[in-house]
Amino acid sequence: MAINIAPTSNDTSLEQLMHDVADGKIQLPDFQRGWTWDDDRIRGILASLTQGYPMGAIMCLEYGSESVRFKYRTIEGVKVENIEPEFLVLDGQQRLTSMYRATYSLDPVATVTDKKKAIKRFYYLDINKCLNDEDDRLEAILSVPKDRKIKTNFDRDIVLDISTRELEFEHEMFPLNIIFDSSEREDWADGYKEYHGYASEIMSKYKRFRKEIIDTMTKYKLPVIRLDKATPREAVCKVFENVNTGGVALTVFELVTATYATYGHDLRKDWEVCRDLIWGKHEPLNTDVMYSVDESAFLQTITLYSNFRASTMTTCKRKDILDLPFEVYQANKEAVLEGYRLARKFLFSQYVFRQRDLP
């Protein structure tokens with residue numbers, strides 16, 4: 001039978017979303033993968049925001065359903081604890097987290113370079129480049145180290161130092177993490193004008209910067225699609241699967257983890273226990289012979305075994321694994337674990353102790 005749902009969509013200000021994230025009203029279902037965006041992608045979305053470009057919708061599920069019991073966690077960087085959310089983000093986590101950490105949190109953003117080197121960054125707007133139509137907007141978004149000093153020559157030479165408010169004023173660099181704090185923003189503007197002696201050129205420049213850049217960001221709205229808490233479990237799972245087919249696509253295991261989370265079951269933690277049993281982590285003879293059995297292979301095996309027992313067509317395609325019912329997983333898990341134990345024992349009896357020994 002078809003399941004009909006009626007999601008609502010509202011244009012919501014980015015400022016309000018950031019406040020809701022900071023207050024814990026908007027959180028993540030615990031099964032969501034971690035935040036992964038690198039420094040270049042963060043700068044890219046900030047450049048788009050300053051120009052008012054659309055960035056796609058955010059999809060949230062109203063929290064509080066009796067049939068969908070997701071565990072939850074705050075978005076990375078949020079300080080509040082033990083707050084029950086009003087909404088859980090199903091799609092848009094990477095964008096929301098990037099915007100929150102760069103434009104709202106006062107802590108440096110812990111991210112990575114394009115070569116995956118861990119870095120901590122603050123983000124600034126170069127006022128002059130923002131107002132120069134000849135400059136690419138991306139060049140106006142500065143990513144500076146935690147100490148707010150850009151260096152060259154193996155950190156021996158400082159090419160830009162904005163480690164104090166006065167230095168920010170001198171170099172005309174606006175800190176993005178105060179943009180949604182109206183009091184701090186106005187204090188910064190007053191200090192900037194005072195530092196430059198209230199010169200008419202500076203007054204005009206900041207007025208234009210506020211109108212073209214700051215107002216664009218503080219008045220920015222994006223569509224937020226909300227699913228009512230009465231949305232059936234099957235619909236929530238299908239929606240989550242559909243919205244996560246683009247970008248960094250979720251694995252089958254992550255999608256099944258999302259499905260089972262609606263039953264209050266943490267498949268990821270369950271797999272960690274099963275993995276140690278399959279790999280023989282706590283056995284006297286501990287080798288890597290079973291290490292190729294990963295979480296996806298484990299689900300494939302349970303799917304094959306359960307289909308075989310049910311006398312149905314014995315297949316384990318992606319669709320079959322995604323359709324593996326939670327109760328069927330629970331009913332067949334122990335038998336599959338025993339099968340892996342027997343397989344490991346058989347390999348040892350044939351003097352196959354390492355993965356490299358397998359044909």
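Quick caveat, the model's predicted, so the values are computed rather than measured. FYI, side chains are in, hydrogens and waters are out, and symmetry mates aren't considered; it's all heavy atoms of this structure.
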Examine [X] and [Y] and state if one hydrophobic cluster contains both, with Ile, Leu, Val, Met, Phe, Trp and Tyr joined whenever side-chain heavy atoms are less than 4.5 Å apart.
X	Y	value
I278	I321	yes
I225	M99	no
L138	Y220	no
L96	V224	yes

[X] [atom1] to [Y] [atom2] distance, which is reported to the nearest 0.5 Å:
X	Y	atom1	atom2	value
L222	S13	CG	OG	9.0 Å
L324	L304	CG	CG	10.5 Å
I214	R208	CD1	CZ	13.5 Å
K229	E86	NZ	CD	10.5 Å
T216	L14	OG1	CG	12.0 Å

For M203, the rest of its hydrophobic cluster, which grows through side-chain links under 4.5 angstrom: Y198

Pairs involving residues 348-359, ordered by first then second residue, that meet side-chain hydrogen bond (donor to acceptor under 3.5 Å, both in side chains) (sequence neighbours left out): none

Selection residues 324-340 - residue pairs positive for side-chain hydrogen bond (donor to acceptor under 3.5 Å, both in side chains), sequence neighbours left out: D270-Y329, D270-K333, T301-Y340, R309-N332, E338-R341

Chi angles and distances behind the side-chain contact (heavy atoms from CB on, under 4.5 Å) call for L88, E62: CA-CA 6 Å; L88 299 178; E62 185 180 10; over 6 Å; no

Residues R165 and E168 bridged, charged N to O under 4.0 Å: yes

Salt bridge present between E295 and R268 (N-O < 4.0 angstrom): no

Taking all heavy atoms of [X] and all of [Y], pick out the closest pair and write down the distance.
X	Y	result
D39	S143	OD1-OG, 2.9 Å
P325	Y260	O-OH, 3.5 Å
S306	V328	CB-CG1, 3.4 Å
R101	P108	NH2-O, 3.5 Å

Pair W271-T257, side-chain donor/acceptor within less than 3.5 Å: no

Residues T36 and Q94: side-chain donor-acceptor under 3.5 angstrom: yes

R226 charged N/C atom sitting above F87 aromatic ring, 6.0 Å / 45°: yes

Y53, OH: over 12 other non-hydrogen atoms inside 6.0 angstrom: no

Salt bridge (charged side-chain N to carboxylate O under 4.0 Å, His left out) pairs, two or more places apart, involving residues 136-163: D147-K151

Residue pairs fulfilling ring pair (Phe, Tyr, Trp, His ring centres under 6.0 Å) with at least one residue in residues 120-172, sequence neighbours excluded: F169-W188

Side chain to side chain donor-acceptor pair (under 3.5 Å) against D23, all qualifying residues, sequence neighbours excluded: none

Stepwise side-chain contact (heavy atoms from CB on, under 4.5 Å) check, D323 with D320: CA-CA 5 Å; D323 289 339; D320 300 310; 5.6 Å; no

Verdict with reasoning, R210 to D215, per side-chain contact (heavy atoms from CB on, under 4.5 Å): CA-CA 6 Å; R210 185 187 65 225; D215 287 355; 4.0 Å; yes

Ring centre gap for F180 and H19 strictly below 6.0 Å: no

From CA spacing to verdict: side-chain contact (heavy atoms from CB on, under 4.5 Å), L131, K205: CA-CA 8 Å; L131 300 178; K205 183 189 296 184; 3.6 Å; yes

